[in-house]
Number of protein chains: 2
Amino acid sequence: MPPKPKTEQEREQLRTLIIDNARDLFVSKGIEAVTMREIAKRIGYSATSIYLHFADKEAVLRAICDTDFLKLATTLKEILSIEDPVARMVAFGEGYAKFALAFPNHYRLMFMTPHLPYSQEQSDLQRNNAEQDAYFQLKMVVHDVYAAGGFKSELHDAELIAQTIWAAIHGVCALQIIMAQDDWVEWRPIDTRLSMMQQLMLSGLLKEKNE
Amino acid sequence: MPPKPKTEQEREQLRTLIIDNARDLFVSKGIEAVTMREIAKRIGYSATSIYLHFADKEAVLRAICDTDFLKLATTLKEILSIEDPVARMVAFGEGYAKFALAFPNHYRLMFMTPHLPYSQEQSDLQRNNAEQDAYFQLKMVVHDVYAAGGFKSELHDAELIAQTIWAAIHGVCALQIIMAQDDWVEWRPIDTRLSMMQQLMLSGLLKEKNE
DNA sequence: GATGTTAACTTAACAATGTTAATTTTATTT
DNA sequence: AAATAAAATTAACATTGTTAAGTTAACATC
């Protein structure tokens with residue numbers, strides 16, 4: 001109800017309020033419940049008020065993505081403190097999968113839904129920041145194994161390895177999220193599939209003991 | 001314009017006409033152009049006529065999926081004639097990826113979009129049919145390598161292997177389709193990533209030569 | 001202190017879309 | 001020729017994203 005001026009802090013608070021409630025709608029009522037009017041109802045404003053803070057619905061979704069990217073990176077950060085490089089890499093994969101399967105709607109929005117390309121301006125996230133960029137974290141983790149001489153001698157491109165590991169874990173999680181309840185396939189338990197994939201990756205990537 | 005009765009064959013032709021034009025819209029104008037009215041315009045009928053043949057839009061999309069599943073299986077079928085089991089498995093993965101990347105919109109609809117669980121009645125596709133069921137084909141391909149003693153001796157679950165291979169290839173393709181144009185990641189060329197993944201799978205799954 | 005200005009917000013309204021109801025058209029049957 | 005019913009269309013509704021047109025109230029200015 002209060003009209004006149006608004007501090008930058010207050011505007012930021014409102015933005016956050018919008019994003020948080022939109023994220024809530026995801027989790028509690030599913031992705032199709034995220035309408036501008038529904039978000040507005042939650043925060044006690046009219047739907048059009050959202051347009052005072054976001055250009056359009058896509059912008060709201062992108063902001064949610066940003067929040068989730070940050071949350072993912074924050075979640076994974078503590079794994080980085082594991083000492084052994086290989087154990088760290090394994091735990092990183094497990095942590096990533098755990099996040100994906102715990103928040104499937106968010107994961108779908110983040111990594112399974114087409115968005116306009118991110119532009120540096122629109123996002124507050126800092127690339128190549130170990131606190132905020134989960135992909136950068138993965139690169140570091142993989143690079144550390146590489147630096148420790150853990151990979152097979154013919155493997156030289158740590159970034160390629162990182163992208164392949166990501167794809168491997170993503171593949172298991174993405175199929176699980178989309179197709180788990182489809183009985184066309186006699187799915188093995190998701191934990192089994194995940195550890196099988198990890199196993200394969202390790203056995204394909206890591207140096208043999210006698211090498 | 002012709003009204004009265006309609007043979008079963010004619011009804012089937014109309015169904016097919018609807019599906020084909022809806023698929024066309026995907027490819028030419030993108031996924032958001034697939035509206036009931038747009039489909040109708042294409043086939044020269046009114047939008048509501050589609051409801052005489054399909055329960056709702058979801059049903060149209062599911063029918064498109066079915067067509068695409070069949071097309072995928074048909075595409076992959078010729079690979080099954082490759083003699084060497086391992087070469088066949090490799091080619092199968094390549095063929096699958098080729099399909100995914102050639103028809104990203106279809107692939108997204110098939111494997112990256114949530115649908116209601118398939119029920120045997122709604123679909124004409126025959127499960128466990130080597131001509132129509134690409135997953136069954138994959139199972140066979142993997143099983144043949146298993147039967148030929150190609151896998152490491154500790155691997156016993158061919159279906160789990162099949163699901164893991166699927167996830168691996170799917171992961172690479174899915175990330176490519178969604179995130180390729182995102183410059184957050186310095187993507188290696190897609191061919192490089194695909195063959196890296198195949199390499200890793202093979203080296204993790206296949207028996208060593210000296211074993 | 002009245003008046004005007006402007007940010008913040010709301011209500012009206014529009015266009016697009018999925019979908020249903022009512023209506024029209026017309027081939028076949030009687 | 002009239003009746004019937006399938007096939008199709010037009011009208012119409014609800015929902016949604018979004019824009020345009022008001023409305024409200026804090027502040028500045030006279």
Side-chain angles (χ1 to χ4, degrees), chain A residues 1-19 21-26 28-65 105 109 113-116 122, chain B residues 1-19 21-26 28-65 105 109 113-116 122:
Chain A
M1 310 279 179
K4 210 46 193 293
K6 205 147 219 179
T7 71
E8 185 53 41
Q9 191 183 357
E10 286 171 321
R11 306 195 93 251
E12 188 53 36
Q13 271 178 10
L14 235 171
R15 273 182 59 96
T16 308
L17 187 66
I18 293 170
I19 296 172
N21 279 277
R23 291 179 80 232
D24 256 24
L25 277 175
F26 260 151
S28 57
K29 306 213 174 177
I31 208 161
E32 60 285 333
V34 183
T35 68
M36 300 301 262
R37 284 171 174 82
E38 200 66 32
I39 298 169
K41 197 190 294 178
R42 284 276 198 116
I43 61 176
Y45 282 75
S46 71
T48 49
S49 292
I50 300 174
Y51 290 87
L52 302 175
H53 300 273
F54 295 92
D56 51 21
K57 192 181 179 183
E58 246 296 297
V60 178
L61 293 181
R62 255 204 306 255
I64 296 178
C65 268
N105 284 327
L109 182 68
T113 308
H115 294 283
L116 299 177
Q122 284 167 341
Chain B
M1 311 280 179
K4 210 45 193 297
K6 206 145 217 182
T7 71
E8 186 53 40
Q9 191 183 357
E10 283 171 325
R11 306 194 93 249
E12 189 52 37
Q13 271 179 11
L14 234 171
R15 274 181 59 96
T16 308
L17 187 66
I18 293 170
I19 296 172
N21 278 278
R23 293 179 78 232
D24 256 25
L25 277 174
F26 259 151
S28 58
K29 305 215 173 171
I31 208 163
E32 61 285 333
V34 182
T35 68
M36 298 303 261
R37 284 171 173 82
E38 201 66 32
I39 298 170
K41 196 191 294 176
R42 284 277 197 115
I43 60 175
Y45 282 76
S46 71
T48 50
S49 293
I50 300 175
Y51 290 87
L52 301 174
H53 299 274
F54 294 91
D56 52 20
K57 192 181 181 185
E58 246 295 297
V60 178
L61 294 181
R62 255 204 306 254
I64 297 178
C65 268
N105 284 325
L109 182 67
T113 308
H115 295 283
L116 299 179
Q122 284 168 343

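We name chains A, B, ... by the order of the sequence lines, and we start the count at 1 in each one. Note that this is a predicted model, so its numbers are computed, not measured.
Nearest heavy-atom pair across V34(B) and I39(B) is CG1-CD1, 4.0 Å. Scanning both residues, F54(B) and A63(B), for their nearest heavy atoms gives CE2-CB, 3.8 Å. The heavy-atom pair separating R42(B) from D24(B) by the smallest distance is NH1-CB, 3.5 Å. Looking at every heavy atom in both residues, I64(A) comes nearest to R23(A) through CG2-CG, 3.3 Å. For V60(A) against A22(A), the heavy-atom pair with the smallest separation is CG1-CB, 4.3 Å.
Between L25(A) atom CG and dT16(D) atom C1' there is a gap of 15 Å when expressed in whole angstrom units.
Here the side chain of T48(A) is nearest to one of dG18(C), dA7(D), dA12(C), namely dA12(C). The nucleotide whose nearest atom lies closest to any side-chain atom of K57(A) is, among dA7(D), dT10(C), dT18(D), dT18(D).
Each end of the helix from dG1(C)-dC30(D) to dT30(C)-dA1(D) yields a helix axis from five base pairs, and these two axes differ in direction by 40° (to the nearest 10 degrees).
Residue-level contact check: T35(B) touches the backbone only, with heavy atoms under 4.0 Å from sugar-phosphate atoms and none from bases. At a threshold of 4.0 angstrom between heavy atoms, the contacts of V34(A) are confined to the sugar-phosphate backbone, with no base atom among them.
Side-chain contact check for E12(A) versus T16(A): some heavy-atom pair is nearer than 4.5 Å.
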